[in-house]
*Asks:* 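One structure coming up, written as structure tokens, with questions to follow.
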Amino acid sequence: MPLASTILMIRPAAFGFNAETAANNYFQTNTGATNDELQKKALTEFDNMVTVLRANDINVLVIEDTATPPKPDAIFPNNWLSTTPDGKVLIYPMFSPARRQEKRDDIVKWLAEHFIVKDVQDWSEYEAEERYLEGTGSMIIDHGKELIYACLSERTNPVVLEKFASANKYQAIVFLATDKDGNHIYHTNVMMALGEKVCILCEEAIEEEWELIAVRQLLDSTGHTIVAITREQMHRFAGNMLEVKNTKGEHLLVLSQTAYNSLRPDQEEKIESFTKLLPIAIPTIEETGGGSVRCMMAEIFLERKATQA
């Protein structure tokens with residue numbers, strides 16, 4: 001499975017609590033803090049994360065969020081934007097009307113100026129039908145094996161998923177996943193993280209045994225070792241990780257400090273037999289935004305254009 005060596009991040013201009021997304025994102029908490037307080041804390045956490053990533057030789061492209069209109073979740077670009085190793089830029093239909101404003105043509109144009117873009121697909125038309133597919137939040141994509149893992153929810157529509165998979169020659173593996181209260185998991189990437197050889201998976205969340213068996217068998221057939229996490233660990237964002245490759249060719253699994261603190265010693269040891277763990281503290285972003293480090297990173301698989309002389 002190819003790993004990204006470049007990631008894109010959006011530096012927030014108006015981070016805050018989004019009541020629209022809280023309707024089905026049970027990881028969010030309204031702390032009552034003011035928008036100014038939240039923005040200040042989020043900026044500090046964001047800038048520190050970029051510093052840590054770059055200190056570990058990871059290429060980070062930082063793009064400033066636009067101040068107007070205010071976009072409280074702009075810090076999570078992976079839900080509207082993704083790229084593929086074969087040169088595609090993909091734009092997705094979003095559940096929250098407020099989040100649809102995050103889609104920026106200037107970012108897509110900037111990518112086309114600096115990288116080789118062979119195709120741009122915009123799936124936003126499905127928003128008019130109230131059908132959504134929120135990028136690499138909704139889908140865990142194994143580009144090497146042309147597979148998509150996805151748990152269904154209001155954010156991950158099976159019709160759009162199947163059309164997307166067919167158009168891009170992927171096979172979609174669909175299942176239902178729930179939290180401890182029986183709510184559908186809003187994004188697959190909070191309960192599953194797929195690395196080159198390891199998969200962190202909240203097996204407890206997949207209640208149908210035959211679906212769990214199918215997922216396990218497929219992961220085994222693609223050479224992935226599963227590290228099972230509990231629902232409690234999932235709620236501490238232990239499923240929201242991203243394995244990347246730095247400029248030295250080293251593999252790093254980026255996760256939050258909250259997620260890292262939730263891991264048992266045996267889980268940590270098993271993961272580190274495949275890749276190095278890189279924990280980063282982002283408590284405000286996690287608590288208010290309901291997403292963690294993986295959601296903050298859009299993988300750029302595109303090939304860079306040759307620099308002009």
Side-chain angles (χ1 to χ4, degrees), residues 1 21-29 76 78-79 95 132-142 147-158 160-162 165 171-195 197-222 224-243 253-256 258-264 266-268 270-271 274 277 286-287 289-296:
M1 172 176 162
T21 55
N24 52 33
N25 179 348
Y26 302 100
F27 290 71
Q28 284 180 249
T29 302
F76 303 131
N78 81 308
N79 299 139
F95 165 78
Y132 315 111
L133 186 67
E134 297 195 333
T136 53
S138 290
M139 300 180 290
I140 307 299
I141 305 175
D142 184 338
L147 296 171
I148 296 171
Y149 299 86
C151 63
L152 299 181
S153 71
E154 282 188 88
R155 314 279 192 97
T156 307
N157 180 273
V160 186
L161 173 62
E162 194 51 50
Q171 177 190 352
I173 297 86
V174 177
F175 51 91
L176 291 176
T178 57
D179 65 15
K180 59 182 175 59
D181 298 317
N183 301 306
H184 286 170
I185 303 299
Y186 81 108
H187 275 161
T188 315
N189 77 355
V190 297
M191 53 87 60
M192 181 178 188
L194 191 68
K197 295 181 179 178
V198 67
C199 178
I200 290 81
L201 179 67
C202 185
E203 295 187 335
E204 286 182 5
I206 306 175
E207 294 188 346
E208 289 287 350
E209 186 177 2
W210 68 270
E211 290 185 336
L212 178 56
I213 290 171
V215 170
R216 280 174 172 164
Q217 288 179 340
L218 199 53
L219 287 167
D220 182 63
S221 72
T222 55
H224 288 92
T225 296
I226 296 173
V227 176
I229 58 171
T230 65
R231 279 187 170 125
E232 184 180 349
Q233 289 176 311
M234 175 183 71
H235 278 277
R236 296 177 69 187
F237 297 100
N240 197 248
M241 309 179 185
L242 181 67
E243 187 175 1
L253 188 62
V254 186
L255 72 164
S256 73
T258 303
Y260 180 78
N261 292 345
S262 79
L263 294 176
R264 301 189 309 267
D266 62 300
Q267 293 170 320
E268 182 180 347
K270 194 171 182 180
I271 294 169
F274 297 99
L277 288 167
E286 286 180 317
E287 187 175 32
S292 191
V293 293
R294 194 279 168 265
C295 305
M296 295 169 65

*Asks:* First locate atom CG of N79, then atom SG of C295, and finally report the distance between them rounded to the nearest 0.5 Å.
*Replies:*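 SG of C295 is found 6.0 Å from CG of N79.
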*Asks:* When rounded to the nearest 0.5 angstrom, what distance separates CG in L147 from OG in S221?
*Replies:*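 These two atoms lie 7.5 Å from each other.
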*Asks:* Among V174, I140, T136, L152, exactly one meets side chain to side chain contact (heavy atoms under 4.5 Å, CB included) together with T188. Which residue is that?
*Replies:*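 By the side chain to side chain contact (heavy atoms under 4.5 Å, CB included) criterion, T188 pairs with just one of V174, I140, T136, L152: I140.
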*Asks:* Evaluate the side-chain proximity of H187 to S153: yes if any heavy-atom separation is below 4.5 Å, no if none is.
*Replies:*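 In short, these two side chains do not touch, never coming nearer than 4.5 Å.
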*Asks:* Hey, is the main chain of N183 close enough, under 3.5 Å, to the side chain of D181 for a donor-acceptor pair?
*Replies:*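 Absent.
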*Asks:* Could you tell me if the side chain of L218 sits less than 4.5 Å from the side chain of Y149, heavy atoms only?
*Replies:*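 Y149 reaches L218 side chain to side chain.
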*Asks:* What residues, two or more places apart in sequence or in another chain, satisfy salt bridge (charged side-chain N to carboxylate O under 4.0 Å, His left out) together with D266?
*Replies:*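 Salt bridge (charged side-chain N to carboxylate O under 4.0 Å, His left out) list for D266, sorted by chain: R264.
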*Asks:* Using the side chain to side chain contact (heavy atoms under 4.5 Å, CB included) rule, take E134 and F95 through it: C-alpha gap first, then chi angles, then the decisive distance, then the call.
*Replies:* CA-CA 8 Å; E134 297 195 333; F95 165 78; 3.3 Å; yes
*Asks:* Let me confirm one number: the SG-CG distance from C202 to L212, rounded to the nearest 0.5 Å.
*Replies:*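 One finds 10.0 Å between SG of C202 and CG of L212.
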*Asks:* I226 and K270: which non-hydrogen atoms are nearest, and at how many Å?
*Replies:*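 I226 and K270 have their closest heavy atoms at O-NZ, 3.1 Å.
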*Asks:* What do the steps show when you test E211 against L176 for side chain to side chain contact (heavy atoms under 4.5 Å, CB included), and what is the final call?
*Replies:* CA-CA 8 Å; E211 290 185 336; L176 291 176; 4.2 Å; yes
*Asks:* Out of curiosity, M296 CE to F76 CZ, how far, rounded to the nearest 0.5 Å?
*Replies:*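 If I round to the nearest 0.5 Å, the distance is 7.0 Å.
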*Asks:* A quick test of your reading: do over 12 heavy atoms of other residues, nucleotides or ligands sit less than 6.0 Å from OH of Y260?
*Replies:*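 No - once you tally the heavy atoms of other residues, nucleotides and ligands closer than 6.0 Å, there are 12 at most.
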*Asks:* Side chains of E154 and H184 only: does a donor on one sit below 3.5 Å from an acceptor on the other?
*Replies:*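 Distance-only check fails for E154 and H184.
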*Asks:* List the atom of A150, the atom of T156, and the distance in Å for their closest heavy-atom pair.
*Replies:*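 So the minimum-distance heavy-atom pair works out to CB-CG2, 4.2 Å.
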*Asks:* Please report the closest heavy-atom contact between S256 and V293, naming both atoms and the distance.
*Replies:*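 Shortest heavy-atom separation between S256 and V293 comes out as N-CG2, 3.8 Å.
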*Asks:* Given T178 and R231, is the side-chain hydrogen bond (donor to acceptor under 3.5 Å, both in side chains) satisfied, shown in steps?
*Replies:* CA-CA 9 Å; T178 57; R231 279 187 170 125; 3.0 Å; yes
*Asks:* Kindly indicate whether the side chain of L263, heavy atoms from C-beta on, has any atom under 4.5 Å from the side chain of L277.
*Replies:*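 Counting from C-beta outward, L263 and L277 do come under 4.5 Å.
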*Asks:* Rounded to the nearest 0.5 Å, what separates atom CE in M139 from atom CZ in R155?
*Replies:*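 So the gap between those two atoms works out to 14.0 Å.
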*Asks:* On a heavy-atom basis, which atom in L194 and which in C199 lie closest, and how many Å separate them?
*Replies:*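 Closest pair (atom of L194, atom of C199, distance): CD1-CB, 3.8 Å.
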*Asks:* Please identify which of these residues, L219, D142, V215, meets the side chain to side chain contact (heavy atoms under 4.5 Å, CB included) condition with I173.
*Replies:*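 Of all the options given, the one that passes is V215.
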*Asks:* State, with a plain yes or no, whether a side-chain heavy atom of L201 is found less than 4.5 Å away from one of I229.
*Replies:*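 Answer no - side chains too far apart.
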*Asks:* So, are E203 and R216 salt-bridged, with charged N and O less than 4.0 Å apart?
*Replies:*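 So E203 pairs with R216 through a salt bridge.
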*Asks:* Would you call H224 and V198 a side-chain contact if the rule is heavy atoms closer than 4.5 Å?
*Replies:*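 A side-chain contact is absent here, since even the closest heavy-atom pair is not under 4.5 Å.
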*Asks:* Going by an N to O cut-off under 4.0 Å, is there a salt bridge joining E287 and R236?
*Replies:*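 R236 and E287: not salt-bridged.
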*Asks:* If you measure only the distance, is there a donor-acceptor pair under 3.5 Å linking the side chains of E286 and T258?
*Replies:*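 Checked: E286/T258 side chains pair up, N/O donor to acceptor below 3.5 Å.
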*Asks:* Taking atom CE of M241 and atom CE of M192, what is their separation to the nearest 0.5 Å?
*Replies:*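 Interatomic distance, M241 CE to M192 CE, rounded to 0.5 Å: 13.0 Å.
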*Asks:* I'd like to know if the side chain of Q233 reaches the main chain of S262, judged simply by a donor and an acceptor atom lying under 3.5 Å from each other, with no hydrogens or angles considered.
*Replies:*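 At least one qualifying donor-acceptor pair exists.
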*Asks:* Should we say atom CD of E268 is surrounded by more than 12 heavy atoms from elsewhere, each under 6.0 Å from it?
*Replies:*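 Yes, the 6.0 Å shell around CD holds more than 12 heavy atoms from other groups.
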*Asks:* Determine the minimum heavy-atom distance between I148 and A165, stating which atoms define it.
*Replies:*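 Of all heavy-atom pairs spanning I148 and A165, the closest is CD1-CB, 4.1 Å.
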*Asks:* In the structure I gave you, are the side-chain heavy atoms of E243 and V254 within less than 4.5 Å of one another anywhere?
*Replies:*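 No; the side chains remain at least 4.5 Å from each other.
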*Asks:* In the structure I gave you, are the side-chain heavy atoms of L255 and N240 within less than 4.5 Å of one another anywhere?
*Replies:*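 Heavy-atom side-chain distance check fails, nothing below 4.5 Å.
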*Asks:* Just so I know, are the side chains of Y132 and V160 near enough to count as touching, which here means a heavy-atom distance under 4.5 Å?
*Replies:*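 Side-chain contact under 4.5 Å: no.
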